[in-house]
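Contents: one structure, followed by commentary.
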Amino acid sequence: VQLQASGGGLVQVGGSLRLSCAASGRTFSSYDMGWFRQAPGKEREFVGGISRSGGRTYYADSMKGRFTISRDNAENTMYLQMNSLKPEDTAVYYCAAARAILYGQVVAGYGSSYDYWGQGTQVTVSS
């Protein structure tokens, strides 16, 4: 599967953005999906994940209550709704797909659990 993230941009503190991750192919619903981010000079950070059906989501603690992951399998697209943005949310955001991942692996947030990656989209939050 090929992934393409989009929707990034410049937003003020407290603002909102919705990122999209479009997947190629007809098997999108067979992949568990995740979002990661990487800020300059920092390691890649797990944002959250969503199950194949979209019925189960998991978020890193710093994202809970502010970020929401959803997916539309009919449109082969995953979304990341980001609200109450903070300067520390500034990063390149990546979407990823996993052929098979256990819930414990999702919780652990290891990037190595995901098999396919999009190219990333820049989010900049200005204060």
Side-chain angles (χ1 to χ4, degrees):
V1 64
Q2 292 184 324
L3 305 174
Q4 184 169 356
S6 62
L10 176 65
V11 63
Q12 292 186 334
V13 170
S16 299
L17 274 178
R18 188 176 81 155
L19 306 184
S20 299
C21 176
S24 64
R26 295 176 291 179
T27 60
F28 177 67
S29 60
S30 65
Y31 294 94
D32 294 294
M33 301 294 294
W35 285 99
F36 290 78
R37 69 185 186 184
Q38 188 165 20
K42 295 187 177 181
E43 294 186 353
R44 183 175 58 194
E45 179 183 23
F46 175 67
V47 173
I50 188 167
S51 62
R52 299 175 184 188
S53 68
R56 195 172 193 181
T57 54
Y58 181 83
Y59 302 92
D61 287 342
S62 62
M63 282 38 126
K64 289 179 181 177
R66 299 191 300 124
F67 290 8
T68 302
I69 298 173
S70 61
R71 66 190 295 167
D72 184 339
N73 285 343
E75 295 294 328
N76 285 1
T77 303
M78 174 179 64
Y79 302 99
L80 176 63
Q81 177 68 44
M82 304 185 294
N83 299 325
S84 302
L85 284 163
K86 307 173 182 179
E88 51 265 41
D89 294 319
T90 295
V92 177
Y93 284 72
Y94 299 90
C95 57
R99 289 191 297 265
I101 189 169
L102 300 175
Y103 184 69
Q105 292 175 302
V106 176
V107 171
Y110 294 139
S112 57
S113 299
Y114 294 81
D115 303 292
Y116 305 98
W117 292 81
Q119 85 290 0
T121 184
Q122 175 71 47
V123 172
T124 303
V125 184
S126 64
S127 56

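Residue pairs meeting the salt bridge (charged side-chain N to carboxylate O under 4.0 Å, His left out) criterion with at least one member in residues 69-79, sequence neighbours excluded, do not occur. For the salt bridge (charged side-chain N to carboxylate O under 4.0 Å, His left out) condition, the pairs that include at least one residue of residues 31-41, sequence neighbours left out, are Asp32-Arg52, Arg37-Glu45, Arg37-Asp89. Counting only residues at least two apart or on different chains, the salt bridge (charged side-chain N to carboxylate O under 4.0 Å, His left out) pairs with a member in residues 93-122 are Arg99-Asp115. Screening residues 20-116 for disulfide bond (SG atoms under 2.5 Å apart), with sequence neighbours left out, gives Cys21-Cys95.
Residues satisfying the side chain to side chain contact (heavy atoms under 4.5 Å, CB included) test with Ser16, not counting sequence neighbours, are Gln81, Asn83. Considering only residues two or more places apart in sequence or on other chains, Lys86 meets the salt bridge (Lys or Arg N to Asp or Glu O under 4.0 Å) condition with none of them. Annotation: side chain to side chain contact (heavy atoms under 4.5 Å, CB included) contacts of Ala39 (sequence neighbours excluded): Lys42, Ala91. Considering only residues two or more places apart in sequence or on other chains, Leu10 meets the side chain to side chain contact (heavy atoms under 4.5 Å, CB included) condition with Thr124, Ser126. Evaluation of the side chain to side chain contact (heavy atoms under 4.5 Å, CB included) rule for Ser84 yields Arg66 as partners, not counting sequence neighbours.
Cluster note: Leu19 groups with Val1, Leu3, Val11, Val13, Leu17, Phe28, Tyr31, Met33, Trp35, Val47, Ile50, Tyr59, Met63, Phe67, Ile69, Met78, Leu80, Met82, Leu85, Tyr93, Tyr116, Val123, Val125 through ILVMFWY side-chain heavy atoms spaced under 4.5 Å, whether in direct contact or through intervening members. Hydrophobic cluster of Val106: the remaining members, joined at side-chain heavy-atom separations below 4.5 Å, are Phe36, Phe46, Tyr58, Val92, Tyr94, Ile101, Tyr103, Val107, Tyr114, Trp117, listed by chain and number.
By the 6.0 Å contact criterion, CD on Gln12 is open, its count of non-hydrogen atoms from other residues, nucleotides or ligands being 12 or less. When the shell of 6.0 Å around CD of Gln119 is examined, it contains more than 12 heavy atoms from other residues, nucleotides or ligands. Counting non-hydrogen atoms of neighbouring residues, nucleotides and ligands closer than 6.0 angstrom, the CD atom of Gln4 reaches no more than 12 such neighbours.
Shown here for Thr77 and Ser20, the closest heavy-atom pair between the two residues is CG2-CB, 4.2 Å.
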